[in-house]
Structure formats: structure tokens, C-alpha cells
Amino acid sequence: NGSDEAPQIATDGAGNWIVVWRSSNDLGGTIGTDLDILYSLSDDNGATWSSPAPLNTDAASDGAVNDQGANIETDGSGAWIATWMKETQVYAARSTNAGQSWGSPILLGNGLVEFFPDTTSPRLAADGAGNWIIVWADGTPFAGAGNDVDVQVATSSDGGVTWSVQADLNTNAAADSGDDQLPSIATDGLGNWLVVWRSTDSLGNTIGTDADILLSRSTNNGGSWTAPVALSLEAPYDGFTSDFAPSIATDGRGAWVSMWHRDSAFIQMAYSTDEGDSWSFPVVLNSIHDDTTRFPQAISDGAGNWVAVWESNENPLDVGFDFDLFFATAYPPNVVSITRNGDELTNADLVDFTLTFDAEVFGLDTTDFGITTNKLLSGTSIQGITPASDTAYTVTVATGTGTGTLALDFVDDDSVFDSSTNVIGGAGEGNGDTQSSDSYTVDKTQPEITVLGETSVTIAEGSEYTDAGATASDDLDSDITDAI
């Protein structure tokens with residue numbers, strides 16, 4: 001008997017899933033018809049779901065107070081945190097039994113009900129080590145800040161049991177004049193936390209007063225934050241464009257992706273491989289820009305694969321001009337194999353390997369290779385690279401001197417990429433490192449023959465003589481006397 005809208009979902013990777021959403025359903029008269037946060041859980045990977053239940057435990061007694069804009073996360077270690085807006089205040093609740101029960105809502109601070117409360121609600125992230133951070137926007141003058149809107153932050157270091165006092169995240173809050181809104185947060189679980197948001201501040205006239213995407217980083221679990229900087233390289237000269245609703249995500253392996261919509265027409269994306277110190281030039285993901293396109297988000301599986309989604313009423317595929325969901329994917333190229341081209345045993349000065357990718361790539365040169373040998377082989381080097389097809393290359397290696405095994409390594413330094421500029425293995429050096437599946441055994445040392453008998457013998461006529469013979473040894477095959 002009510003509307004159920006704006007779902008958000010989280011999983012611990014162990015079969016447990018929880019969905020939260022806002023609802024005006026009174027659940028058979030057990031709660032009010034105001035907006036409350038409901039949840040449902042599955043412990044069998046979505047095969048079955050529990051009946052909806054109120055997450056905000058005051059749902060039956062909070063009268064006409066509306067709860068909306070819920071988000072949920074888990075740290076993968078047993079703690080689940082949901083956060084939402086109760087009118088103009090930000091709350092959080094905690095579960096330690098995969099959603100079977102929830103603690104009482106905890107007030108984090110004042111908040112601003114923004115343009116789209118279900119898509120710009122409080123955002124949260126956890127590092128799996130007990131640290132949680134929730135970010136949101138608030139226009140209440142706070143701690144000496146002005147009357148503009150600023151990004152707020154609350155942190156927990158004990159798995160969400162207790163929370164810090166609401167504080168300004170953007171360090172220029174006391175002096176800036178533009179509004180800072182719509183924050184999004186991500187962490188790689190390695191000590192890096194990045195927050196992006198929409199701002200109309202000019203950062204001391206270094207960028208315009210149009211809406212741009214700003215960025216701040218913490219390396220001490222939210223204890224302090226870097227001064228805001230513009231994320232987009234276009235910010236100083238993009239005129240009066242409006243960048244809106246940014247999101248940020250990481251694959252936990254060094255790659256960070258931020259997306260936002262510009263002028264409700266363009267889905268823009270930029271990436272970083274140095275914890276947000278520098279960013280690529282923004283690229284546009286959608287092909288038609290005549291209608292409303294907005295609210296992009298991206299996610300990675302941690303193996304270099306990314307999927308982005310957004311909503312739009314553009315019509316690139318003859319699907320009509322109602323709002324639909326669109327997606328884009330980024331699958332990085334990878335090394336399929338490195339194999340030797342000849343017999344395992346060789347004494348040749350040059351040997352060849354075949355390197356095969358799963359897509360056509362560019363930027364390959366001799367600096368992208370290494371050679372693995374044992375200590376008895378020295379003086380090896382990469383001599384050349386010859387295309388064998390669109391996806392395969394012949395790599396020629398000088399075998400040097402001595403005896404030993406020789407294998408070819410592909411060394412991923414993010415310099416080899418496909419036609420869409422996706423780098424091998426995904427952004428981050430070393431992600432695509434590969435060693436050949438088989439190696440050469442190089443033998444350039446001649447066997448040694450040792451004569452056991454006398455070097456000069458005088459034999460009397462008619463007598464018998466048996467020579468003591470000789471032995472033969474090889475540094476690779478050891479005793480080879482039987483081969484004499």
C-alpha cells in the first residue's frame with residue numbers, strides 16, 4: 001500500500017546480501033505511512049529474500065518524519081552500516097549479524113536534503129580493518145565556516161560502534177564562497193581514502209565559478225584531508241559548464257575511476273593510477289548528447305574489469321525517449337601466452353619466443369621485457385620484436401654465454417594499451433606481469449674429456465695392451481662417459 005523506491009545493495013562476498021530502500025508502506029499497519037528505510041536480506045546469494053522490515057528502529061514511533069536516501073556497506077568482516085537522511089539530519093545504524101537485527105539509529109549531524117535525495121544521499125566506505133567514513137553535505141554554519149554548503153565527514157575506528165563529531169572535510173570551508181555538494185567516497189583498503197564532490201568555488205580564482213569536480217584525500221583514516229583540488233584537467237578553462245553528481249571507485253590494485261555528468265548531457269570519466277595525485281584527461285562515454293543523461297557510477301571486480309551505469313532519455317538504440325539505464329564496459333587487454341618457438345635444448349646465439357595478447361595493442365617495445373635465467377647463463381638481451389599478427393609478436397633474445405635456462409618475461413609498466421587506451425591488466429604497474437610458460441635450456445659449453453691412460457705407450461711386439469680409456473663430463477648433463 002505504499003511506494004518502494006531507491007534501492008541500494010551490499011554483499012560481504014560470503015553469500016550474504018542486504019538491500020535497503022525508502023518506502024511509504026506501513027507494513028500492514030505496523031509502522032506509519034511516512035517515509036521509512038526498509039531492508040531485506042538474502043543468505044543464499046539472492047535465491048530467496050526475507051520479508052521487508054524497518055531498518056530505522058523508530059519507524060513505528062517517528063510520526064510524520066521522513067527517512068530517505070539510504071546507503072549501505074559492509075567491511076567484509078561482519079559489520080554492516082546503513083546511513084540515511086531523517087529530514088535534515090544524518091543517521092547511521094549498525095548490524096553485526098548480516099542484517100538479522102539492527103542497532104538504534106545514531107545521529108551523526110546535520111545535513112542538507114540535496115537536489116535528488118535518493119541519488120545524492122550520505123555516502124560511506126570501509127577499509128575492512130574497522131575504519132569507516134561517512135560523507136555528506138550541509139549548509140549549516142559550522143565550526144567557523146560560512147553560510148555556503150560544505151562537505152561534512154564523520155569517522156569511526158571501531159567498526160561503527162562510535163563516531164566522531166561532524167566536521168568540515170573541505171579544508172577551505174571557513175574561507176570559500178562556493179557550495180560544496182554531492183560527495184562520494186572510496187577506499188582501496190590500503191590506507192588511501194578519496195572523496196570527490198561538486199563545487200562552485202573558484203579555488204582562489206584558479207578555476208571558474210561554474211560547477212566543477214573537486215577532490216580531497218586522506219591517508220590517516222579521515223583524521224585529516226588534503227586541500228581541495230580540481231579533478232578534471234578541463235576545470236580551468238571549461239567555461240560555464242556544470243559538472244554534477246560525481247562518483248568514485250577503485251579496484252583496490254592502484255586504479256581509481258571518477259565519473260560525473262556535465263550539463264545533464266555528457267557522461268565524463270577520468271582515471272588515476274597514483275592515488276589521485278594526477279588524473280587522465282576526461283573522456284565522454286555516451287554517444288548522443290541531445291537529452292538528459294545523468295548519475296553515472298562505476299564498479300570494478302578487482303581484476304581490471306569495470307562496468308559503468310547511468311540513466312538517460314537519449315535514444316541511441318531506438319529504445320524510446322523515456323528514461324532507461326545504459327552501461328559501458330572496460331575490459332583491459334591481457335597476455336594470453338608466451339611460448340618458445342624452438343626445441344627446449346639449444347646452443348643457438350639467438351632464440352625466439354611468441355608473445356600473444358587477447359587484443360591488438362600498441363606501445364610495445366624492448367623495455368617491456370625481462371629475461372629470467374639461472375646464474376650459469378650471462379650476457380642475455382632482448383634483440384628485437386617482430387609483429388606476427390594483429391595480436392602476436394615474435395621476440396628475439398640473445399642467449400649470451402654459458403649454460404642454463406632462459407625464460408622471457410613481459411613486464412607491465414602501463415605503457416602497452418589497446419585501441420581504447422586500456423592498459424595491460426588494468427591500470428596499475430605490474431598487474432599484467434607474465435612469464436613464459438616454457439623456457440629454453442641453453443648449452444654453449446663443450447664437454448670435457450679426461451684421458452685416464454698414459455699419453456705415450458711403447459708396446460712390445462706380440463704383447464697385449466688395454467688402455468685405461470677416458471671419462472667425459474658436461475656442465476649440463478654431468479657424466480657422459482657412455483657417449484664416448
Side-chain angles (χ1 to χ4, degrees), residues 188 233 249-259 267-287 298-308 327-342 350-373 380-399 406-440:
D188 59 6
L233 297 175
T250 178
D251 63 2
R253 304 194 308 167
W256 301 75
V257 169
S258 183
M259 294 183 174
I267 299 298
Q268 292 200 301
M269 181 278 293
Y271 69 88
S272 172
T273 58
D274 55 11
E275 287 74 50
D277 280 344
S278 60
W279 291 83
S280 66
F281 197 86
V283 297
V284 176
L285 298 185
N286 57 318
S287 57
I299 192 170
S300 171
D301 63 357
N305 304 299
W306 291 81
V307 177
F327 74 97
T329 57
Y331 299 107
N334 286 286
V335 175
V336 174
S337 63
I338 305 175
T339 57
R340 67 172 187 266
N341 287 6
L350 299 173
V351 294
D352 291 332
F353 290 86
T354 296
L355 167 66
T356 304
F357 297 97
D358 60 5
E360 184 177 9
V361 298
F362 306 89
L364 188 69
D365 59 36
T366 56
T367 64
D368 296 308
F369 297 95
I371 301 171
T372 298
T373 66
T380 59
S381 62
I382 306 296
Q383 292 295 297
I385 305 170
T386 305
S389 69
D390 287 343
T391 58
Y393 294 83
T394 299
V395 183
T396 301
V397 180
T399 55
L406 184 154
L408 181 67
D409 306 323
F410 174 80
V411 181
D412 173 26
D413 60 1
D414 279 0
S415 64
V416 181
F417 51 92
D418 64 14
S419 58
S420 299
T421 70
N422 299 309
V423 295
I424 295 292
E429 295 185 5
N431 294 336
D433 286 354
T434 308
Q435 188 177 73
S436 56
S437 57
D438 48 17
S439 60
Y440 286 99

If you apply the rule side-chain contact (heavy atoms from CB on, under 4.5 Å), what do you find for T339 with D438, and how did you get there? CA-CA 6 Å; T339 57; D438 48 17; 4.1 Å; yes
[atom1]-[atom2] distance between [X] and [Y], expressed to the nearest 0.5 angstrom:
X: D414; Y: D368; atom1: CG; atom2: CG; value: 10.5 Å
X: D409; Y: I338; atom1: CG; atom2: CD1; value: 7.0 Å
X: T250; Y: W256; atom1: OG1; atom2: CH2; value: 4.5 Å
X: L355; Y: Y393; atom1: CG; atom2: OH; value: 8.5 Å
X: D188; Y: R253; atom1: CG; atom2: CZ; value: 13.0 Å
X: S415; Y: L364; atom1: OG; atom2: CG; value: 7.5 Å

Ignoring hydrogens, what is the shortest heavy-atom contact between [X] and [Y]? Give both atom names and the distance.
X: N422; Y: A330; result: OD1-CB, 4.0 Å
X: I267; Y: N286; result: N-OD1, 2.9 Å
X: F353; Y: N341; result: C-OD1, 3.7 Å
X: Q435; Y: T372; result: NE2-OG1, 3.1 Å
X: P333; Y: V361; result: CB-CG1, 4.1 Å
X: Y440; Y: D352; result: OH-O, 2.6 Å

Donor-acceptor pair, [X] side chain versus [Y] backbone, under 3.5 Å?
X: D390; Y: E360; answer: no
X: S272; Y: W279; answer: no
X: S280; Y: Y271; answer: yes
X: D365; Y: T367; answer: yes
X: S389; Y: A392; answer: yes
X: D358; Y: V336; answer: no
X: T273; Y: A255; answer: no
X: D413; Y: E429; answer: no

Mind running side-chain contact (heavy atoms from CB on, under 4.5 Å) on F357 and D418 for me, showing each step along the way? CA-CA 10 Å; F357 297 97; D418 64 14; over 6 Å; no
Taking the side chain as everything from C-beta on, heavy atoms only, tell me whether [X] gets closer than 4.5 Å to [Y].
X: F369; Y: V397; result: no
X: I371; Y: L406; result: yes
X: F362; Y: S419; result: yes

Begin from the C-alpha positions of V395 and F410 and carry the test side-chain contact (heavy atoms from CB on, under 4.5 Å) through to its verdict. CA-CA 11 Å; V395 183; F410 174 80; over 6 Å; no
